[in-house]
Structure formats: structure tokens, C-alpha cells
**Student:** 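My structure is below; once you've seen it, I'll send some questions.
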Amino acid sequence: MTASPIGRFAPSPTHHLHLGSLTTAVASYCHIKSLGGKWLVRIEDIDFERCKDSYASSILYDLEALGLHWDAEVIYQSARRAIYEDFLHNELANVSYACHCSRKQLDAYRTAHAVQHALNSPVVYPRLCLHRQLDKAHKDSKIRLQLPNVATAFVDGLQGVVWDNPAISLGDVVLKRQNQMINYILACTIDDGLQNISHIMRGLDIMPMTVAQLQLLDMCQLPKPSYFYHLPLLYNPDGQKLSKQNLATPIDTSRPNELLLQALALLGQKINPQLYDASCHEILSFAIEHWDNKPLQHKSSLGVVHT
Ligand code: GLU
């Protein structure tokens, strides 16, 4: 365990907070506080096509209204491009390559190799540009990471031992797109390392990225988080994960204490009847004192909510 545990909540401001992202915020906050740690908020607004400043402000407003106060200045990925570029040019220069394959070309390649996919092999980038030594600065270049072909395991505090070989499950992921956009995997990994995050508690949907992120941290020579906890997700009645993409209803923080209690109940946490008249501060203090990971272990769903 590191001297001072550091957790984080890292929303992408592509929409307002919804009940699903709220449970992640509440869980990561209460869990790290129960360990006596610090909770950071990082706005993952690197995707300039989908993120909006107004959503970032609304997320921060809602967190404050709920009494989820962060312990250091909020960082915005949109202001950190130079840092990510620096890693691409230095630590990652020899493990990344330029790729000019368009989606159309890849589709054609995949159609021609349909037999392989019939065998259920995942559709990963077929490394057509790996040895072409293309210029990374060329206008058609996207930058891919050459992931090592190794299976690695990590222990997830909620899901148990997770094995993965991301060279097979993800393939050579794109770190920087042709339109110059830095992708989530690079920005998030570098920031977790630079912010010395020791405990990552986030949605189960991101778990397939974790081994690749651990490998990327190694390549960037950055410290790795000691603990991962991938939280079960909330679903809508159609069986879809509650998300910004399927337009989950934004939370309404006009009655913040009720909302906190709803999130804690969904997270399977103990709730004392006296809390129904309590302030956010009192509810959070109780939740921190009684925080328990057990109701979240080995589960993929927190249940179904009507949004
Ligand atoms: N930015 C991601 C999201 O909003 C979360 C990333 C993470 O927690 O690693 O879904």
C-alpha cells in the first residue's frame, strides 16, 4: 500500500452525470476516504468532438451539490495535450508506429479474411503498417501502440484475478487519431501515472483496457496503481448499460441527500433509517465509516433502473 492512498473520478464530459456515473463517483469517493486517502477529480475532455465545457461545469456542480468535494485542483485533459505528445515523442517513440489504413481498407481486408473471423478470433488491427516505417507526422498518419503479445494478470479487488493478452483482445490500439486527437487510453494512463493514483475504482465496462493500461504505464516508466476495482454497472430496462450514449436521464441534485441514499442503496451499502433526515455530509460520513466492498464483489450488475 502506498503511503497515502489516492483515488480518482475521471468523467468524460460528453453528457451530464447520470445515476450510473453517480454510483461510480460515490463508490470511489467513499472507498478511498474509508482508507484515509485523497479523492481527485479529472475531467477527461480530450475528445474535442464529443466533450463540452458546459457538461464539465455541470458535473462539477453536481458533485459539489452532493458534498463530494475533491482534494486537489481539478485537472482537464484538454489542457494537457503537450504532455501526451511528449510521451509519444519520447518514451513511446520506439513502441508506436504510424498507420495509414483507412476504415474502408480495413473492412476490405477483413472481408477478404472472413474465414479467420468465422473462427471467432477478435477483430483486431492486422498490423498492415507495422513494418512500413511511415512518417508519424504525415497528414494520413494515426499512431498505434505495438502491444506485446503476452498474457498478464492483475488482481481486481471486486472481480478477482483477471487475465488478458491485449495484443489479442484489443490489438494495436490507436493512441493518436489522424485528426490529431489523443485517445482515451493514452491520456488516462499517463494521467493516472503522473497523478500517482494508487486505487482505481471505475465501471466494469473499462476493465478490458486495464492490462493494456498497465503495459502502457510500464512503457512510459510511470508508477502503476496498486489496486483496481471494477464496479458492477446499472442497466436500463432494455438491458443496455446506463450511459451517456443511450441518453440516461441526468441526475437532479435539488434533493442531494435523497440522491446519495439512492446511490448507496444501489451500491448495496448499509443505510441507517436515521439517514433519511440527514445532510449530505452526515450521509457521506456514515457511508465512509461503513464502506464495504463485499456487496459489489463478483457482480456485473447493480440492477435495472428506469431512466
Ligand atoms: N472517462 C471515462 C468515462 O467517463 C472513465 C475513465 C476511467 O475511469 O478510467 O467513462
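First listed ligand is number 1; within each ligand, the first listed atom is number 1. As a basis for the values below, the full set of heavy atoms in this structure was taken, side chains included, without hydrogen atoms, waters or symmetry mates.
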**Student:** Please say yes or no: joined through hydrophobic side-chain contacts below 4.5 Å, possibly via intermediate residues, are Leu275 and Leu66 part of one cluster?
**Tutor:**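 Result: yes, single cluster for both.
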**Student:** Show me which atoms of ligand 1 lie under 4.0 Å from any heavy atom of Arg8.
**Tutor:** 7 (C), 8 (O), 9 (O)
**Student:** Verify the distance criterion only: is there a donor paired with an acceptor across the side chains of Gln77 and Asp191 at less than 3.5 Å?
**Tutor:** yes
**Student:** For the residue pair His16 and Tyr55, does the interplanar ring angle fall in the parallel (under 30°), tilted (30 to 60°) or perpendicular (over 60°) class?
**Tutor:** perpendicular
**Student:** Looking at Asp86, is its backbone amide N or carbonyl O close enough to the side chain of Asn90 to form a donor-acceptor pair, meaning the two atoms are under 3.5 Å apart?
**Tutor:**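 Judged by distance alone, yes, a pair lies under 3.5 Å.
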**Student:** Under 4.0 Å, heavy atoms only, figure out whether ligand 1 is touched by the backbone of Asp192, its side chain, both or neither.
**Tutor:** neither
**Student:** Any idea which protein heavy atom is nearest atom 3 (C) of ligand 1, and the distance to it?
**Tutor:** Ser12 OG, 3.6 Å
**Student:** Nearest 0.5 Å, please: how far is CG in Asp45 from OG1 in Thr14?
**Tutor:** 11.0 Å
**Student:** Considering the heavy atoms of Cys188, write down every atom of ligand 1 situated less than 4.0 Å from one of them.
**Tutor:** 9 (O)
**Student:** Among all protein heavy atoms, pick the one closest to atom 5 (C) of ligand 1 and tell me residue, atom and distance.
**Tutor:** Ala10 O, 3.3 Å
**Student:** Students should be able to answer this: which protein heavy-atom is nearest to atom 10 (O) of ligand 1, and at what distance?
**Tutor:** Ile206 CD1, 4.2 Å
**Student:** Tell me whether ligand 1 is touched by Tyr184 - counting only heavy atoms on the residue side and a distance under 4.0 Å.
**Tutor:** yes
**Student:** Of Ile43, Leu63, Leu40, which is the lone residue that meets side-chain contact (heavy atoms from CB on, under 4.5 Å) with Phe9?
**Tutor:** Leu63
